[in-house]
Amino acid sequence: MLEAKFIRSNLERVKAAVDAKGEHVEIDQYIALDEERRKILQDADALKADRNRVSKEIAEEKSQGGDPAEKIKSMKDVSRRIKELDDKLRDIEEKTDALLMWFPNMPDPSVPVGHSEDENVVVRTWGEKPTLDFEPVPHWDIGEALGLFDFARGSTIAGSNFSLFKGDGAKLVRALVTFMLDMHTKKYGYTEVWPPSLANRDCMTGTGQLPKLAEDMYHCQVDDLFLIPTAEVPLTNLHKGEILDGERLPVCYTAYSPCFRREAGSYGKETRGLNRVHQFDKVELVKFVTPESSNDELEKLVGNAEAVLQALGLHYRVSLLCTGELSFAAAKCYDLEVWSPAQQKWLEVSSCSNFGDFQARRAGIRYRPGKGEKARYVHTLNGSGVALPRTIVAILETYQTGDGKVSLPGALVPYMDGREALE
RNA sequence: GGAGAGAUGCCAGAGCGGUUUAAUGGGGCGGUCUCGAAAACCGUUGGGCAGGCAACUGCCCCGGGGGUUCGAAUCCCUCUCUCUCCGCCA
C-alpha cells in the first residue's frame with residue numbers, strides 16, 4: 001500500500017509509475033475523496049475537542065452540586081453533529097481505503113521501463129546449454145516411461161493439470177525439498193518454518209494477493225479461507241502487526257509449502273506436462289530487512305536461489321524484470337529461468353522480489369531501529385528457492401542419458417539413498 | 001460442536017458511567033549519590049491521523065466492529081482469538 005501523504009505530494013510520480021506498470025487506478029477520484037475526507041476530519045476533530053472540554057466542565061459542576069442542564073442540552077446538538085460527520089467519514093474512508101488497495105507499488109529507480117518480456121534485462125547466464133548426441137526427449141515422456149508421475153490419474157482425482165508423482169518421482173520431490181531446506185538453513189542461516197497452507201482474507205490483503213488476484217486463488221467459502229498460492233503469504237504475515245527489534249534484522253525464514261493456483265484460462269502447449277500445474281511444491285525464502293539494506297539483501301537472496309540451481313548443475317539465466325512485467329506489489333524483481341533442452345526454452349523457477357515497505361504497510365510490520373527511536377516500516381523480500389516442477393523438468397531433460405535413464409546430479413545422490421540414476 | 005472464563009501500556013496487574021490526561025508493581029532508559037558498582041531516591045517510557053516551515057496543537061486507539069449516553073476501558077450487540085471442561089476426530 002502506498003501512503004496517502006505520499007500520493008498527495010507525489011501525484012505525477014505515482015501516475016507515471018501506475019502507467020509504467022500497465023495498471024489502471026481511479027487516481028483522480030481518490031484524490032477528490034481524500035480531500036473531502038481531510039476537510040470533514042478537521043471539522044469533526046474541532047467538535048470533539050469542544051465536547052471533551054465541556055464534558056469535563058459538566059463533571060466538575062455536578063461534583064460541586066451545580067446543575068449543568070444548559071450545557072448538557074447544547075452538547076446534545078454537538079454530539080449529533082459529530083455523529084453525522086463520523087458517519088460521513090466512515091463512508092468516505094471505506095471508499096478511499098478500497099481505492100488505495102488498487103494502487104500498485106512504485107518500481108525501484110533501478111528497474112528498466114518497459115511493457116513486455118522483451119524489455120527485461122538478462123543480467124547473467126550460468127552454465128552452458130547441455131549438448132546431447134541424441135534427440136532430447138521431453139520430460140513428460142521420460143517421466144511416464146520411468147513411472148515417475150501419472151498425469152491421467154492426477155486428473156481423475158482433481159482435474160486437468162493436477163500432477164501426481166509416484167515411486168521414484170515422489171521420492172525425488174521429497175529429496176529436492178529436503179535438499180533445498182538443508183542448504184538454506186545450514187549454509188545461509190534461514191530459520192525453517194512449516195506454515196498453514198490456508199490463510200485468511202486479512203493475510204491475503206497484507207501481502208497483496210487481494211484484491212487484485214482474487215480470481216487466481218482457490219477459496220473455501222464456508223470459512224472464507226484461501227489456499228496459499230505461495231509460502232510468501234504465511235511467512236510474510238508471520239510478523240503481521242508487530243514491531244520487530246531492529247537488532248534482530250535481517251530476519252530470514254525459509255519454508256516448504258504446497259502452492260495452489262487456479263491458472264484460470266491457461267491451456268494448451270504451455271501447460272503440457274509439469275510446465276504449469278494447479279498445485280506444486282516450492283521452497284520459499286522471505287526476509288524482513290531495513291530499508292537501507294533491502295536492495296543488497298535482494299542480491300543475496302537471488303544468490304541463495306541461484307546456489308540451488310548451481311548445486312544441481314542446471315543451466316539458467318537471471319533477468320531483471322522491466323516495469324510492465326513487475327508484479328503488483330513488487331518494487332524490483334529478478335526472475336530465474338532454467339533451460340529445458342527438449343522444449344528449447346527457458347522456464348521460470350524463481351521470482352525474487354523486493355517489496356519495499358508496500359507489504360509492510362498493508363500488514364503493519366515495523367521495526368524499532370534503537371531504544372527510544374520511532375518505529376519504521378521494514379522492507380520485505382521474498383523469492384523461490386526454488387519451485388519444484390520446472391526444476392524437475394530441467395533435471396530430467398538435462399540428465400537424460402539417451403537409453404531411457406536419467407542420471408542424478410551429485411547433490412541429490414545422498415537424498416536418493418545413494419543412487420546415481422533413475423531407471 | 002456444547003458449557004464456562006478471559007483479552008487493558010514493554011511485562012504483570014487494578015479499574016463498581018464523570019479528578020483516569022489508565023492506579024500500582026516490575027523491566028528498560030536517563031539522573032542524583034559513589035573511585036566504581038549495588039542499594040536508595042528522582043525523572044522518563046507506545047501507536048496512528050490531521051493542521052503547521054517549525055517549536056507545537058487537536059483528534060483517535062484499553063482484542064476488532066457497531067450501539068446507548070452530554071460523557072464509555074467501564075453498559076448493550078456482534079465478531080475474532082486465548083484458556084478450562086465436555087463431545088467428536090487423524
Side-chain angles (χ1 to χ4, degrees), chain A residues 1-9 30-101 103 194-206 210 220-226 234 237-249 258 357-378:
Chain A
M1 175 167 64
L2 299 181
E3 191 186 11
K5 268 188 258 184
F6 177 84
I7 297 175
R8 226 179 286 146
S9 49
Y30 169 80
I31 291 291
L33 280 169
D34 182 55
E35 205 163 307
E36 198 182 345
R37 175 184 71 88
R38 281 179 295 142
K39 216 158 127 198
I40 295 172
L41 183 64
Q42 283 169 44
D43 290 348
D45 278 2
L47 286 174
K48 282 176 186 171
D50 214 35
R51 182 179 68 184
N52 287 343
R53 187 175 49 77
V54 177
S55 278
K56 209 170 276 176
E57 288 172 14
I58 291 172
E60 258 166 54
E61 267 185 62
K62 263 194 159 172
S63 71
Q64 284 162 18
D67 179 15
E70 211 40 53
K71 279 182 174 157
I72 288 178
K73 204 176 153 205
S74 73
M75 277 304 103
K76 235 177 199 170
D77 189 51
V78 171
S79 260
R80 187 184 51 75
R81 280 157 64 202
I82 289 174
K83 198 166 147 47
E84 277 172 18
L85 291 177
D86 273 349
D87 284 347
K88 223 187 269 181
L89 211 51
R90 198 180 307 151
D91 190 52
I92 290 178
E93 271 171 2
E94 215 167 274
K95 285 179 189 153
T96 52
D97 288 351
L99 284 173
L100 207 49
M101 283 298 150
F103 280 74
W194 195 293
S197 298
L198 286 86
N200 61 32
R201 193 169 281 279
D202 233 30
C203 290
M204 288 300 173
T205 308
L210 288 176
C220 307
Q221 283 188 327
V222 183
D223 300 295
D224 199 24
L225 290 171
F226 297 82
N237 281 290
L238 200 58
H239 292 299
K240 188 172 158 53
E242 292 183 28
I243 298 177
L244 304 172
D245 179 358
E247 285 173 19
R248 279 183 57 206
L249 301 183
D357 62 9
F358 190 83
Q359 293 180 325
R361 268 179 204 289
R362 289 187 169 217
I365 309 166
R366 287 172 291 192
Y367 76 104
R368 202 176 298 287
K371 284 256 186 295
E373 288 186 65
K374 212 169 139 56
R376 303 172 68 198
Y377 286 105
V378 298

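Both backbone and side-chain heavy atoms feed into the values below; hydrogens, waters and symmetry mates do not. In what follows, every chain begins at residue 1, and chains take the letters A, B, ... in the order their sequences are listed.
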Next on the checklist: Nearest whole Å is fine: how far is B:C60 P from A:I40 CD1?
Outcome noted: 17 Å
Checklist entry - Whole Å only: how far is the CZ atom of A:R8 from the C1' atom of B:G51? => result 11 Å
Checklist outcome for this item: Across all chains, not counting sequence neighbours, the side chain to side chain contact (heavy atoms under 4.5 Å, CB included) partners of A:T96 are A:Y30, A:L33, A:R37, A:I92, A:E93
Give none if [N] has no partner; otherwise give the nucleotide forming a Watson-Crick or G-U wobble pair with it, both distances under 3.5 Å.
N	answer
B:G17	none
B:U84	B:A3
B:G51	B:C56

Checklist outcome for this item: Letter by letter from the 5' end, nucleotides 63-74 of chain B scores (B base, S sugar-phosphate only, - none; protein heavy atoms under 4.0 Å) ---SSS-BS---
Item to check | A:A49 side-chain proximity, nearest of B:A50, B:G58, B:G46 | outcome: B:G58
Checklist entry - Choosing from B:G47, B:G58, B:A50, which nucleotide comes nearest the side chain of A:R366? => result B:G47
Next on the checklist: Show the nearest heavy-atom pair for residues A:C220 and A:L198, with the distance to one decimal.
Outcome noted: SG-CD2, 3.8 Å
Item to check | Where A:N200 and A:F226 come nearest, the two heavy atoms and their spacing | outcome: C-CD1, 4.4 Å
Checklist entry - Is any side-chain N of the basic residue among A:R248 and A:D245 closer than 4.0 Å to the acidic one's carboxylate O? => result no
Checklist entry - Under 4.0 Å: is that the gap between some side-chain N or O of A:R37 and OP1 or OP2 of B:A50? => result yes
Checklist entry - Would a 4.5 Å heavy-atom cut-off, applied to side chains only, mark A:E57 and A:P68 as touching? => result no
Next on the checklist: Can you tell me if A:K88 has over 12 outside heavy atoms packed within less than 6.0 Å of its NZ?
Outcome noted: no
